[in-house]
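One structure is given here, and the rest of the page talks about it.
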Amino acid sequence: MLKQVVAKYSAIYGSNRAKLRPFLCQTSCGFHNGRTVLAPRSFFGVEDYVDDDTSRPYTYQKEKKSKNPDKHVSFKQRTVAYMEPFTLDVFISKRFVSASLTHRVTCKQVAVAGTNSKDVKAVLRSRCDIPACMSIGRILSERAKEADVYTASYTPRDQDKFEGKIRAVVQSLIDNGIDVKIYLD
């Protein structure tokens, strides 16, 4: 269609293409400077808006900037992932309990135990009560010792309280020889 329109106007104007230029360019008035600027249209019919910072098209994601760039990061914040490399993650649902020890730096799970696995499922009477939580802690501590992990840190999730079943898992880990540092807010 564009070829037909250009051919039609080139037939009218002939070889004088200077008069054809305003038709192919979209005029946009700058609000603050008062000048008329000729901006060529995009190939897809949508103008490419350009980012102020990076001069890339607007489709790219911007880098996340911190709200306070002058904020000081303490030595403890920089080194805690290396000083306490293993974290404990406990998940309790209505049907089962699972716990894992994860290496912070590499994000690899070192030891995992859950009441949904075949070997534990057959032994337990219920998969989500306090004795099941204690057995998960015992099994997880055995698997952690096999992987030479003797310390871990635990921070409960925002919605979790450190009581009941979660406390049973952590206490069972401590009783079976894994040193767990608990960070409560």
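One is the number of the first residue; the rest follow in order along the sequence. Because only heavy atoms are used, hydrogens play no part in the values below, and waters and symmetry mates are left out as well, while side chains stay in. Note that the structure is predicted; figures quoted are calculated from it, not measured.
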If you group Ile, Leu, Val, Met, Phe, Trp and Tyr by side-chain heavy-atom gaps below 4.5 Å, do [X] and [Y] land in one group?
X: Ile92; Y: Leu173; answer: yes
X: Met83; Y: Val180; answer: no
X: Val169; Y: Val123; answer: no
X: Val90; Y: Val149; answer: yes
X: Tyr154; Y: Val112; answer: no

Can you find a side-chain donor-acceptor pair between Arg95 and Thr115 that sits under 3.5 Å?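 Not at all, the side chains of Arg95 and Thr115 share no donor-acceptor pair under 3.5 Å.
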To the closest 0.5 Å, what do you measure between [atom1] ([X]) and [atom2] ([Y])?
X: Ile130; Y: Gln171; atom1: CD1; atom2: CD; value: 12.0 Å
X: Lys108; Y: Ser100; atom1: NZ; atom2: OG; value: 15.0 Å
X: Lys161; Y: Leu184; atom1: NZ; atom2: CG; value: 13.0 Å
X: Arg127; Y: Ser98; atom1: CZ; atom2: OG; value: 12.5 Å

If you compare all heavy atoms of [X] against all heavy atoms of [Y], which two are closest, and at what distance to 0.1 Å?
X: Ala111; Y: Leu140; answer: O-CD1, 3.5 Å
X: Thr102; Y: Cys107; answer: CG2-C, 3.9 Å
X: Ser153; Y: Arg104; answer: OG-NH2, 3.2 Å
X: Ile136; Y: Ala99; answer: CG2-CB, 4.0 Å
X: Lys165; Y: Cys128; answer: NZ-O, 2.7 Å
X: Ile166; Y: Phe162; answer: CG2-CD1, 4.1 Å

Does the [X] side chain pair with the main chain of [Y], one donor and one acceptor, at a distance under 3.5 Å?
X: Thr79; Y: Tyr82; answer: no
X: Lys145; Y: Asn176; answer: yes
X: Ser135; Y: Ala132; answer: yes

Take atom CZ of Arg125 as the centre, draw a 6.0 Å sphere, and report whether it contains more than 12 heavy atoms from other residues, nucleotides or ligands.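 Atom CZ in Arg125 is not packed in, count stays at 12 or less.
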Near Phe75 CZ, under 6.0 Å, is it more than 12 heavy atoms from other residues, nucleotides or ligands?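 Incorrect, the count does not exceed 12.
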How are the rings of His103 and Phe86 set relative to one another: parallel (under 30°), tilted (30 to 60°) or perpendicular (over 60°)?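 Ring orientation of His103 relative to Phe86: perpendicular.
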Charged N to carboxylate O below 4.0 Å: is that the case for Asp89 and Arg157?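 The answer is yes: the pair qualifies as a salt bridge.
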Ionic contact status for Asp119 with Arg143, cut-off 4.0 Å: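 A salt bridge links Arg143 with Asp119.
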Cluster partners of Tyr150, using ILVMFWY side-chain heavy atoms under 4.5 angstrom, listed by chain and number?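 Once heavy-atom contacts under 4.5 Å are chained together, Tyr150 still belongs with nothing else.
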Side chain to side chain, Ile182 and Val170, heavy atoms closer than 4.5 Å: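 Ile182 reaches Val170 side chain to side chain.
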Listed by chain and number, what are the salt bridge (Lys or Arg N to Asp or Glu O under 4.0 Å) partners of Lys181, not counting sequence neighbours?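 Partners of Lys181 by the salt bridge (Lys or Arg N to Asp or Glu O under 4.0 Å) criterion, ordered by chain and then number, come out as Glu84.
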